[in-house]
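Contents: one structure, followed by commentary.
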Amino acid sequence: MMNNPLILPKSFYLREDVVEIAKDLLGKFLVTNLNGELRKGMIVETEAYSQYDDKACHAYNGKRTKRTETMFLEGGHAYVYLCYGIHHLFNVVTNKADVAEAVLIRAIEPIECCNNNSNGPGKLTKALGINTLHDKSSLIDSSIWIEANEEDKLGDVVASKRIGVDYAGKDANKLWRFYLSESKWVSKK
DNA sequence: TCTACGATCACCT
DNA sequence: GGTGATCGTAGAA
């Protein structure tokens, strides 16, 4: 994957507005190259999480643990963790080092070698072959990366409440989930 | 050490 | 619509 001009540069991830980045990731291509097999899907659904003013975030209020440590890395890294003992969830770490913010990729539209369904955060990691071994991987120069979409014909972007974070009280009402309204691959309308 | 629970999914009624 | 699977992590003791 050397010198691919479409790969999003680190500066894309280092920006300080994680909500903005969550929106920008829609329509981009998430690509993995594992075991010599290239897999690619278009991102159609994302959610933003921030350590600031967001109880739903694992690193809320700057909480640093072995698991959340990844979110404190510099933007442009993968944050992968196990949920419900079964599902691997893939996030993109954003902002500068020591600021814990990330974007959860919730659904992709299969493009290459992802015949499996991928309309949910647990399913897309399975379709792409992502697991917790990829936690802390760089998204710039390793086997997982995100490419720009030169066509960039997105259609309508819809904002909604995030899924599965009711425990977060008022923060559960934040409109920090974004999806492409025309995509049939969105996990839930 | 021990216990509780989750950024989900598939299958059941 | 309701619920069980399943296990690493976090927090308590």
Side-chain angles (χ1 to χ4, degrees), chain A residues 13 17-26 28 30 32 39 41-73 75-95 98-110 114-137 139 144 146 157-180 183-189:
Chain A
Y13 304 102
D17 189 342
V18 65
V19 174
E20 192 68 24
I21 295 173
K23 281 187 275 193
D24 285 349
L25 282 172
L26 293 174
K28 302 282 192 289
L30 176 59
T32 62
R39 303 190 190 188
M42 186 175 78
I43 298 170
V44 298
E45 183 179 352
T46 62
E47 285 181 5
Y49 290 86
S50 170
Q51 76 175 81
Y52 300 115
D53 192 33
D54 176 19
K55 236 190 272 183
C57 179
H58 293 157
Y60 171 61
N61 211 11
K63 188 173 68 174
R64 237 180 224 266
T65 65
K66 190 171 182 187
R67 180 177 62 159
T68 65
E69 193 61 32
T70 307
M71 294 182 84
F72 290 88
L73 293 176
H77 291 268
Y79 171 37
V80 184
Y81 80 99
L82 188 67
C83 186
Y84 295 103
I86 305 174
H87 305 290
H88 300 276
L89 270 56
F90 174 75
N91 299 248
V92 173
V93 178
T94 70
N95 216 318
D98 296 323
V99 178
E101 291 186 331
V103 177
L104 169 66
I105 308 300
R106 286 192 57 87
I108 59 174
E109 175 180 330
C114 318
N115 298 322
N116 306 310
N117 288 338
S118 52
N119 58 334
K123 290 193 274 188
L124 82 87
T125 53
K126 193 176 170 204
L128 291 176
I130 294 173
N131 59 55
T132 51
L133 293 176
H134 303 111
D135 187 44
K136 295 188 169 72
S137 290
L139 297 175
I144 303 175
I146 298 176
V157 173
V158 181
S160 78
K161 293 203 279 191
R162 290 171 294 178
I163 309 292
V165 295
D166 291 341
Y167 63 87
K170 66 175 173 58
D171 290 329
N173 294 320
K174 284 178 158 49
L175 297 177
W176 281 9
R177 170 175 176 249
F178 304 97
Y179 62 86
L180 301 180
S183 175
K184 63 175 182 180
W185 295 96
V186 170
S187 63
K188 202 173 171 186
K189 296 264 180 180

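Quick note on labels: first sequence line is chain A, next is B, and so on, each numbered from 1. Reckoned from all heavy atoms, side chains included, excluding hydrogens, waters and symmetry mates. Small disclaimer: the values here were computed from a predicted structure and weren't measured.
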Side-chain contact, heavy-atom cut-off 4.5 Å: [X] with [Y]?
X: V99(A); Y: Y52(A); result: yes
X: P110(A); Y: W185(A); result: yes
X: D54(A); Y: W176(A); result: yes
X: L30(A); Y: L124(A); result: yes
X: I163(A); Y: R177(A); result: yes
X: Q51(A); Y: M71(A); result: no
X: L139(A); Y: I144(A); result: yes

Does a side-chain N-to-carboxylate-O contact under 4.0 Å join D53(A) and K174(A)?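 Yes, charged N to carboxylate O under 4.0 Å.
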Which residues pass the salt bridge (Lys or Arg N to Asp or Glu O under 4.0 Å) test with E20(A), sequence neighbours left out?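 By the salt bridge (Lys or Arg N to Asp or Glu O under 4.0 Å) rule, E20(A) matches no residue at all.
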Interatomic distance where [atom1] belongs to [X] and [atom2] belongs to [N] [whole Å]:
X: Y179(A); N: dA7(B); atom1: OH; atom2: C1'; result: 17 Å
X: Y167(A); N: dA10(C); atom1: OH; atom2: P; result: 13 Å
X: M71(A); N: dA10(C); atom1: CE; atom2: P; result: 12 Å
X: R162(A); N: dT8(B); atom1: CZ; atom2: P; result: 11 Å
X: N173(A); N: dA7(B); atom1: CG; atom2: P; result: 16 Å
X: Y81(A); N: dC5(B); atom1: OH; atom2: C1'; result: 12 Å
X: D166(A); N: dT8(B); atom1: CG; atom2: P; result: 10 Å

Could you work out, with side chain to side chain contact (heavy atoms under 4.5 Å, CB included) as the rule, every residue matching V18(A), not counting sequence neighbours?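 Once residues adjacent in sequence are excluded, the partners of V18(A) under the side chain to side chain contact (heavy atoms under 4.5 Å, CB included) criterion are A48(A), S50(A), T94(A), E101(A), V103(A).
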Pairwise P distance, dA7(B) and dG1(C) [rounded to whole Å]: 22 Å
Atom pairs under 3.5 Å: protein N/O with N/O of nucleotides 6-9 of chain C:
from, atom 1, to, atom 2, distance (Å)
dT6(C), O2, Y84(A), O, 2.5

Among residues 123-137 of chain A, which residues get a heavy atom nearer than 4.0 Å to DNA chain B? K123(A)
Selection: residues 45-56 of chain A, any non-hydrogen atom under 4.0 Å of DNA chain B: Y49(A), A56(A)
Using a 6.0 Å cut-off, check whether atom NZ of K136(A) has over 12 heavy atoms from anything other than its own residue.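 Atom NZ in K136(A) is packed in, count exceeds 12.
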Does F72(A) have R64(A) sitting over its ring (NZ/CZ under 6.0 Å from centre, angle to axis within 45°)? yes
Where do R39(A) and T32(A) land on the side chain to side chain donor-acceptor pair (under 3.5 Å) test, with the steps shown first? CA-CA 5 Å; R39(A) 303 190 190 188; T32(A) 62; 5.2 Å; no
Any donor and acceptor pair, going by atom type alone, linking the side chain of S183(A) with main-chain N or O of V44(A) inside 3.5 Å?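 A pair under 3.5 Å: no.
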Less than 4.0 angstrom between a side-chain N/O of [X] and OP1 or OP2 of [N], yes or no?
X: R177(A); N: dA7(B); result: no
X: K63(A); N: dA10(C); result: no
X: H58(A); N: dA7(B); result: yes

Which stems, defined as runs of 3 or more consecutive Watson-Crick or G-U wobble pairs with both pairing distances under 3.5 Å, involve DNA chain C? B:1-6 with C:7-12, B:8-12 with C:1-5
